[in-house]
Amino acid sequence: MNVFLPDGTPLELPEGATGADAARAVGEGLARAALAVRINGGPYRDLATRLRDGDRVEIVTRDSPPADGIDPLWLIRHDAAHVMATAVTELWPGTKVSIGPPIDNGFYYDFEFPEGVTISDADFERIEQRMREHIKADEPFERTEVPVAEALERFRSQEQPYKVELIEDLVRNEGVETVSLYRNGPFVDLCRGPHAPSTKRIKAFKLMSTAGAYWRGDASRQMLTRIYGTAFFSKEDLDEHLERLEQARARDHRRLGKELGLFMFSELSPGSPFWQPAGMAIWNELSDLWRSENRRRGYREVKTPILYDVELWKRSGHWDKYQDNMYFTEVEGRPMGLKPMNCPAHIQLYRDQRRSYRDLPIRYSEQGLVHRHEPGGTLHGLLRVRHITQDDAHIFCAEEQIEDEVIGCLEFGFFLYDIFGFEPRLELSTRPESRIGSDEMWDRAEGALEAALRRQGLEYQVNEGDGAFYGPKIDLHMTDSIGRSWQLGTVQLDYSMPERFGLEYTGADNAEHRPVMIHRALLGSFERFIGILIEHYAGEFPLWLAPVQAIVLPIADRHLDYARRVEAELRGAGLRVEVDDRSESVGRKIRDAELRKAPYMLVVGDKEQETGQVALRRHREGDAGAVAVEAFIERAREEIAARGRAESGTRGG
RNA sequence: GCCGGAGUAGCUCAGCUGGUAGAGCGACGCUCUUGUAAAGCGUGGGUCGGGGGUUCGAGUCCCCCCUCCGGCUCCA
């Protein structure tokens with residue numbers, strides 16, 4: 001028979017030839033490099049797949065493009081997961097296996113170890129050693145297709161309940177009659193495939209960490225032990241990956257927060273940052289920006305209490321839906337709760353007067369301090385805290401104003417993100433199972449958000465069932481330095497709260513109408529946003545955000561007076577400036593200023609003192625020559641006004 | 001909340017099988033007075049996360065709790 005290579009060249013092969021045969025027919029080199037085969041532009045298939053006359057055949061090697069979400073690395077990571085399961089089940093007989101997929105940057109496998117066995121990274125060496133043996137043995141991955149009954153019998157007799165459950169679900173949900181099994185060496189796994197031809201294709205791998213993981217992601221089910229690993233086609237690629245991880249760790253906001261003296265945490269108030277002066281400088285810049293932009297866009301700033309009679313929370317629905325995450329106390333015998341959200345407070349402001357359609361939309365903004373009892377195991381530096389300062393706003397508007405207001409919120413968000421060079425992902429979250437309000441309300445609310453997104457031509461992903469209990473929302477997500485995704489902004493549409501609190505406005509028809517509420521946060525919270533900023537800039541803030549914008553470095557003690565005069569002048573110009581007055585060498589002062597990531601170092605000695613200048617040094621860029629103090633001030637002011645994106649802000653991106 | 005790991009000086013960390021704690025950096029003092037990424041010498045500094053227990057004796061072994069780290073679940 002004849003098959004055709006990607007360039008159209010025909011290749012003559014015997015009947016029943018496989019992808020591997022085709023590769024070998026082309027050349028020994030390709031046969032050695034071959035990982036899988038694509039037939040007629042289809043998905044990756046095992047190299048052992050039989051070809052048919054007239055097939056267009058493409059041999060997948062490490063450099064092949066992905067297809068159907070699978071790429072060459074996916075293959076060997078999938079292989080590595082099987083090999084790891086092989087090693088683990090040999091080392092700890094009786095271990096129950098569940099699933100082991102490739103993921104971004106690696107793979108994992110979830111196991112249930114025999115009673116009394118716990119695994120930690122101290123066991124990795126043993127497991128890796130055993131894996132290396134299997135890889136060296138060059139064991140082929142052999143696919144067999146077996147009837148469901150046979151597969152069930154096999155895994156039941158081996159006491160592998162998770163595999164049995166997976167097969168039963170495949171039968172129930174997909175009506176399958178056969179399942180595929182893959183064997184490598186002594187290990188047979190239920191697996192859809194595909195796999196590379198043999199274990200030897202795994203050229204470099206490393207086990208990374210262990211974790212608990214619920215079976216099927218369900219917290220009410222068995223907790224399994226997950227082992228994460230990664231695999232590459234070469235030792236160099238693996239080393240490069242490890243190096244990248246190391247660099248990412250260096251920009252972890254918790255580490256930089258400590259190094260740069262931005263904030264701290266105390267055991268005395270877990271999940272609640274203590275802001276040092278340097279961190280507060282960043283906070284205040286952000287706050288100024290936020291405040292002036294809100295004002296410009298027709299928001300009026302308010303401030304509301306943090307402690308309320310629980311009656312309020314019963315009325316709002318938080319008592320029923322959110323109690324477990326709230327803090328309660330008693331004041332003179334009266335049950336009170338700390339606010340986890342600002343909306344009921346803003347509703348009180350709305351209700352303080354009768355409202356007319358002429359007043360709408362009413363836009364209240366607040367840097368609202370809320371407390372949420374986040375479970376202990378979920379706290380994470382500034383990114384997941386219990387003490388949260390939201391850049392909150394609530395818009396009360398008429399139904400026909402919704403679309404414009406939602407668009408206004410999104411545009412505001414993009415305006416802010418653009419300053420930092422952020423490109424967040426949008427997600428539309430729809431009605432959750434546990435909710436308040438009628439289906440008809442939810443239809444309208446979801447429809448309005450979708451209409452706004454479409455009108456702006458924005459790309460978004462739908463998260464079914466992920467909405468707030470009172471309404472659907474559009475969320476804006478960002479990724480941190482080690483690839484974890486965090487929600488920043490949110491725009492939420494709410495028909496429920498206005499109803500629960502009986503909000504009204506008088507329409508042009510002189511009848512009472514019900515307003516709609518839009519809940520909106522753009523930075524999300526100051527805490528989280530600053531955490532993301534620290535990682536984004538790797539602590540090297542643009543001038544306008546830098547906690548210390550310039551450090552004056554006198555060459556010798558006799559220049560201290562002049563240094564202080566420069567300091568006073570810069571401070572008078574509104575700059576955050578310090579003098580390094582230690583009796584240290586210039587080299588030392590520069591080194592320390594560099595480590596503090598100060599954008600500007602101003603060296604002053606005899607020459608500068610005589611001429612009224614400073615010797616400028618830009619962070620990371622070295623000596624930039626002498627300039628007059630006034631000229632530096634001018635330059636700094638311009639840079640600050642531009643918010644410095646071009647100067648240094650993009651470095652962290 | 002769940003699984004696993006960790007908590008020793010301000011920071012980074014050492015401390016073997018139990019015998020009353022150590023380094024580097026920082027801090028402080030003195031000397032040096034310095035021209036673009038670490039001057040020299042010296043001095044302090046620790047209820048070993050907290051509480052119980054075992055032991056003649058606990059940083060070290062056991063139990064409980066707290067906090068942090070990596071995940072999982074959750075994140076209105």
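Throughout, protein chains are lettered first and strands after them, A, B, ... in sequence-line order, and every chain is numbered starting at 1. Owing to the predicted nature of the structure, the values given are computational and were not obtained by experimental measurement.
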Colleague: Rounded to whole angstroms, how far apart are CZ on Arg384(A) and P on rC75(B)?
Modeller: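 Arg384(A) atom CZ is separated from rC75(B) atom P by 9 Å.
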
Colleague: Classify the nucleic acid contact of Arg484(A) as base, sugar-phosphate or nothing, counting any heavy atom under 4.0 Å across all strands shown.
Modeller: sugar-phosphate

Colleague: Between rC74(B) atom C1' and Leu383(A) atom CG, what is the distance in whole Å?
Modeller: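 From Leu383(A) CG to rC74(B) C1': 16 Å.
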
Colleague: By the 4.0 Å heavy-atom rule, please label Tyr108(A) as base, sugar-phosphate, or nothing.
Modeller: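 If one applies the 4.0 Å heavy-atom cut-off, Tyr108(A) turns out to touch nothing in the nucleic acid.
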
Colleague: In whole angstrom, what separates Ile119(A)'s CD1 from rG71(B)'s C1'?
Modeller: 16 Å

Colleague: Counting side-chain heavy atoms from CB outward, which of rG26(B), rG4(B), rU36(B) is closest to Ala615(A)?
Modeller: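 Taking heavy atoms from C-beta onward, the closest nucleotide is rU36(B).
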
Colleague: Measure from the side chain of Leu595(A), starting at C-beta and using heavy atoms only, and say which of rG35(B), rA37(B), rC68(B) lies closest.
Modeller: rA37(B)

Colleague: Do we get Arg130(A) above Trp92(A)'s six-membered ring, with its NZ or CZ under 6.0 Å from the centre and within 45° of the axis?
Modeller: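 Verdict for Trp92(A): no cation-pi partner in Arg130(A).
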
Colleague: If you check every side-chain atom of Ile590(A), which of rA37(B), rU34(B), rC11(B) has the closest atom?
Modeller: rA37(B)

Colleague: Students often get this wrong, so: under 4.0 angstrom with heavy atoms, is Ala122(A) touching a base, only sugar-phosphate, or nothing?
Modeller: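 Result for Ala122(A) = nothing.
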
Colleague: Under 4.0 Å between any heavy atoms, over every strand shown, what does Gly377(A) touch: base, sugar-phosphate, or nothing? Just pick one.
Modeller: base

Colleague: How many Å lie between OH on Tyr228(A) and C1' on rG4(B), as a whole number?
Modeller: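 So the two atoms are 12 Å apart, to the nearest Å.
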
Colleague: Which part of the nucleic acid, if any, lies within contact of Asp592(A), taking any heavy atom under 4.0 Å across all strands shown: a base, the sugar-phosphate backbone alone, or nothing?
Modeller: nothing

Colleague: Ignoring backbone atoms, test whether Ser585(A) places a side-chain nitrogen or oxygen under 4.0 Å from the OP1 or OP2 oxygen of rA39(B).
Modeller: yes

Colleague: Give the nucleotide from the list rC68(B), rG1(B), rG5(B) with an atom nearest to the side chain of Thr378(A).
Modeller: rG1(B)

Colleague: In terms of side-chain heavy atoms of Thr118(A), which of rC75(B), rG4(B), rU34(B) is nearest?
Modeller: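 For Thr118(A), the side-chain atoms sit closest to rG4(B).
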
Colleague: Salt bridge or not between Lys473(A) and Asp475(A)? Use side-chain N to carboxylate O under 4.0 Å.
Modeller: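 Yes.
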
Colleague: At under 4.0 Å between heavy atoms, what does Ala556(A) touch on the DNA or RNA strands: base, sugar-phosphate, or nothing?
Modeller: base

Colleague: What does Arg558(A) touch in the nucleic acid at a heavy-atom separation under 4.0 angstrom: a base, only the sugar-phosphate, or nothing?
Modeller: sugar-phosphate

Colleague: Watson-Crick or G-U wobble partner for rA27(B), using a 3.5 Å limit on both distances?
Modeller: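 For rA27(B), the partner nucleotide comes out as rU43(B), under the 3.5 Å rule.
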
Colleague: Please pick, from rG35(B), rC32(B), rC75(B), the nucleotide with the shortest atom-to-atom distance to any side-chain atom of Arg528(A).
Modeller: rC75(B)

Colleague: rC2(B) C1' sits how many Å from Glu374(A) CD, rounded?
Modeller: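 After rounding, the gap between these two atoms is 16 Å.
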
Colleague: Check every strand shown and say whether Gly217(A) touches a base, only sugar-phosphate, or nothing at a heavy-atom separation below 4.0 Å.
Modeller: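 Sugar-phosphate, backbone atoms only, no base.
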
Colleague: In whole angstroms, how far is the C1' atom of rC32(B) from the CZ atom of Arg582(A)?
Modeller: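 So the two atoms are 15 Å apart, to the nearest Å.
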
Colleague: Under a 4.0 Å threshold between the charged nitrogen and the carboxylate oxygen, would Glu259(A) count as salt-bridged to Lys597(A)?
Modeller: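 No, this pair does not count.
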
Colleague: For Arg617(A), report the nucleic acid contact type (base, sugar-phosphate, nothing); a contact means any heavy atom under 4.0 Å.
Modeller: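 Base contact.
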
Colleague: Would you say Arg596(A) reaches rG26(B)'s phosphate, i.e. side-chain N/O to OP1/OP2 under 4.0 Å?
Modeller: no

Colleague: Assess whether a salt bridge exists between Glu165(A) and Arg221(A), defined as any Lys/Arg side-chain N lying under 4.0 Å from an Asp/Glu carboxylate O.
Modeller: yes

Colleague: When you measure from the side chain of Arg315(A) to the backbone N and O of Arg500(A), does any donor-acceptor pair fall under 3.5 Å?
Modeller: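 Yes: the side chain of Arg315(A) pairs with the backbone of Arg500(A).
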
Colleague: Check every strand shown and say whether His380(A) touches a base, only sugar-phosphate, or nothing at a heavy-atom separation below 4.0 Å.
Modeller: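 Answer is sugar-phosphate: His380(A) comes under 4.0 Å of backbone atoms only.
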
Colleague: Applying a 4.0 Å non-hydrogen cut-off, can you work out what Tyr470(A) is touching in the nucleic acid: base, sugar-phosphate, or nothing?
Modeller: sugar-phosphate

Colleague: Assign Val603(A) to base, sugar-phosphate, or nothing according to its heavy-atom contacts below 4.0 angstrom with the strands shown.
Modeller: base

Colleague: Would you mind reading off the distance between Asp123(A) atom CG and rC3(B) atom P, rounded to a whole angstrom?
Modeller: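 About 18 Å, once rounded to whole Å.
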
Colleague: Are any side-chain N or O atoms of Lys589(A) and backbone N or O atoms of Arg582(A), one a donor and one an acceptor, separated by less than 3.5 Å?
Modeller: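 Yes: the side chain of Lys589(A) pairs with the backbone of Arg582(A).
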
Colleague: Please give, in whole Å, the distance from rU31(B) C1' to Asp557(A) CG?
Modeller: 12 Å

Colleague: Donor-acceptor pair under 3.5 Å: do we get one between Tyr214(A)'s side chain and the base of rG1(B)?
Modeller: yes

Colleague: Classify the nucleic acid contact of Arg254(A) as base, sugar-phosphate or nothing, counting any heavy atom under 4.0 Å across all strands shown.
Modeller: sugar-phosphate

Colleague: Compute the centroid of each ring, for His373(A) and then for Tyr327(A), and state whether the two points are separated by less than 6.0 Å.
Modeller: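 Yes, ring centres under 6.0 Å apart.
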
Colleague: Can you figure out which of rG1(B), rG70(B), rC3(B) approaches the side chain of Pro375(A) most closely?
Modeller: rG1(B)

Colleague: Which part of the nucleic acid, if any, lies within contact of Glu608(A), taking any heavy atom under 4.0 Å across all strands shown: a base, the sugar-phosphate backbone alone, or nothing?
Modeller: base

Colleague: Of the nucleotides rC72(B), rG7(B), rU12(B), which one has an atom closest to the side chain of Glu267(A)?
Modeller: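 The answer is rG7(B).
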
